[in-house]
Amino acid sequence: MTDQNPCSPHCPTDADHLCMPADARKRARHRLSIARGHLESIVKMLDEEDVYCVDVLRQIRAVQGALTGASDVVLRGHLEAHVATAAGRGDTVEMVDELMEALRYR
């Protein structure tokens, strides 16, 4: 691991404030945009009188998949940028507690 800051240049990386890595933000945003597009298509589908339930369920599952993908990206970014580097910062216990909290949202 290098000493490079994976976050934006204006973001401090200390135990008091850790930023989401820029690449993770970009990829999560992309996945959430996909989810938003799927969700908007479901809302439009429901305006149709002849909409088929299974088609709606399939699209809902696509949104759930996109949200899960975004969650995975954010979690991986957190693990790589913050949890894996906790020992070097001296906040291992805090990072483990934070990770346990984050996993509750999975």
Side-chain angles (χ1 to χ4, degrees):
M1 183 102 189
T2 66
D3 290 335
Q4 280 186 313
N5 179 355
C7 302
S8 59
H10 65 277
C11 182
T13 55
D14 56 41
D16 294 330
H17 183 81
L18 299 173
C19 297
M20 181 184 290
D23 183 55
R25 281 196 325 269
K26 180 180 175 182
R27 291 184 305 137
R29 182 178 183 82
H30 175 73
R31 288 176 183 263
L32 290 172
S33 293
I34 291 170
R36 180 178 22 201
H38 279 287
L39 190 56
E40 288 172 358
S41 72
I42 296 168
V43 171
K44 288 179 185 176
M45 288 174 70
L46 294 173
D47 289 336
E48 300 171 14
E49 291 183 18
D50 62 343
V51 66
Y52 185 53
C53 301
V54 175
D55 292 339
V56 173
L57 291 170
R58 186 177 297 119
Q59 290 302 314
I60 290 171
R61 182 61 191 117
V63 171
Q64 291 169 331
L67 292 174
T68 297
S71 177
D72 290 348
V73 165
V74 172
L75 180 58
R76 177 175 284 279
H78 184 68
L79 291 171
E80 290 174 348
H82 307 309
V83 176
T85 60
R89 287 189 313 275
D91 62 352
T92 304
V93 173
E94 293 85 356
M95 281 292 108
V96 169
D97 290 343
E98 186 178 275
L99 179 58
M100 294 305 293
E101 175 71 15
L103 291 174
R104 292 180 58 200
Y105 302 113
R106 299 260 317 146

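Values in this document were obtained by computation on a predicted structure and should not be read as measured data.
Among residues two or more places apart in sequence or in another chain, the side chain to side chain donor-acceptor pair (under 3.5 Å) test is passed with R76 by E80. Partners of A66 by side-chain contact (heavy atoms from CB on, under 4.5 Å), not counting sequence neighbours, listed by chain and number: I34, A35. In this structure D97 satisfies the side chain to side chain donor-acceptor pair (under 3.5 Å) test with no other residue, sequence neighbours excluded. Partners of S41 according to the side chain to side chain donor-acceptor pair (under 3.5 Å) rule, which considers only residues two or more places apart in sequence or in another chain, do not exist here. H78 is linked by a ring-ring contact (aromatic ring centres under 6.0 Å, His included) to H82, counting only residues two or more places apart in sequence or in another chain. Residues forming a salt bridge (charged side-chain N to carboxylate O under 4.0 Å, His left out) with R31 (at least two apart in sequence, or on another chain): none.
Between E101 and E98 the shortest side-chain heavy-atom distance does not fall below 4.5 Å. With contacts defined as side-chain heavy-atom distances shorter than 4.5 Å, the pair L75/L99 qualifies.
In this structure, V43 shares a hydrophobic cluster with no other residue, the cluster being traced through Ile, Leu, Val, Met, Phe, Trp and Tyr side chains under 4.5 angstrom apart. In this structure, V73 shares a hydrophobic cluster with no other residue, the cluster being traced through Ile, Leu, Val, Met, Phe, Trp and Tyr side chains under 4.5 angstrom apart.
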Which side-chain N or O atoms in residues 48-64 pair as donor and acceptor under 3.5 Å with protein atoms at least two apart or in another chain?
unit_1 : atom_1 : unit_2 : atom_2 : d
D55    : OD1    : R58    : NH1    : 2.9
Q59    : OE1    : H38    : ND1    : 3.2

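The salt bridge (Lys or Arg N to Asp or Glu O under 4.0 Å) contacts involving residues 65-75 comprise D72-R106, where partners must be two or more places apart or lie in separate chains. Among residue pairs with one or both ends in residues 32-46, none qualify as salt bridge (Lys or Arg N to Asp or Glu O under 4.0 Å); sequence neighbours excluded.
Listed for the S33 side chain is a donor-acceptor partner under 3.5 Å among the backbone atoms of R29.
Grouping the Ile, Leu, Val, Met, Phe, Trp and Tyr side chains by contacts below 4.5 angstrom, directly or via other members, places I42 with L32. With hydrophobic clusters built from ILVMFWY side chains whose heavy atoms lie under 4.5 angstrom apart, V83 does not share a cluster with V93.
Across all their heavy atoms, P21 and A81 have their closest contact at CG-CB, 3.4 Å. Taking both residues in full, the closest heavy atoms of V74 and A28 are given as CG2-CB, 3.8 Å, listed atom of the first, atom of the second, then distance.
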